[in-house]
Amino acid sequence: MIFRQLFEPISSTYTYLIACEQSGQAILVDPVLPAWQRDLEVLQNLGLRLAVTLDTHIHADHITAASRLKLETGSAIAHPAVDALTCVDRPVQEGEPLQFGSVRLDPPYTPGHTDGHHAYLLGDRVLTGDALLIDGCGRTDFQGGDAATLYQSIHDKLFSLPGETLVYPAHDYEGRRVSSIAQEKQRNPRLGDNKPLQAFVDIMGGMDLPYPKFIDFALPGNRACGMCPDETPEHIQEYCDRISLTRQG
Ligand SMILES: [Fe+2]
């Protein structure tokens, strides 16, 4: 298996490239709109064909590059079925693994950050999206988020994995790239050391986070599988992609 972790600095997002060496089929998990050309370069350098793009959830802090990459490569758009997006080619749900050549990806349903969030398990690695971050977790105060639900998802679907399972999050804001289930169970300040449910709910309820600056544009853009809304203001155009705006127009 080929595995690459790619960083996009505007939204501090990790995109994951996973591919089967034998068949040359590749998947991109959580591709980000301004970085689609980088993704194509990496695919080309590795001699891979993009079969599918796959998102962990409807993002609020960036727009997926799913549609742009489909336009460029013919890749299929996969996304959690529960979000019921009409632009999706391959709805994904727990219990129905995706297979690409020799690569198998299992999609455990992990709601709580959003109500449609899934993590993706690749043998001894798990892509945790925004459910579980390194020493943290995704916020739970919008998009159907719920702290108690997130606690249950993390405990039932992620902390139940073997301790040596490597944790690859969708974001990190301090340059950390990988953790493990054992490390998060032990030292995650919100969840580790057997933190009880009520303590977690209290932490999440007391965070007083600012309103996400891109959410009003990211949500409709991502419900359309990666279209930057026309009315996106100038000061946040960096989240979009002028080439795609003009070429798709
Ligand atoms: Fe998110």
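Order of listing sets the numbers, starting from 1, for every ligand and every atom in it. All values derive from a computational prediction rather than experimental measurement.
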Solution key, residues 205-218 side-chain donor-acceptor pairs under 3.5 Å, sequence neighbours excluded:
unit_1 : atom_1 : unit_2 : atom_2 : d
Y211   : OH     : D216   : OD1    : 2.6

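- Within a 6.0 Å radius of CD in Q5, other residues, nucleotides and ligands contribute more than 12 heavy atoms.
- Residues in residues 190-200 take part in these side-chain hydrogen bond (donor to acceptor under 3.5 Å, both in side chains) pairs, two or more places apart or across chains: Q198-D202.
- Defined by atom type and a distance below 3.5 Å, a donor-acceptor pair is present between the side-chain atoms of D30 and T56.
- Only protein N, O or S atoms were scored, and 3 of them lie under 2.8 Å from the Fe ion (ligand 1).
- By the 30° and 60° cut-offs, the orientation of the rings of Y173 relative to H171 is parallel.
- Counting side-chain heavy-atom gaps under 4.5 Å among Ile, Leu, Val, Met, Phe, Trp and Tyr, the cluster of L127 also holds M1, F3, F7, Y14, Y16, I18, I27, V29, V52, L54, V92, L98, F100, V103, L105, Y120, L122, L166, Y168, V178.
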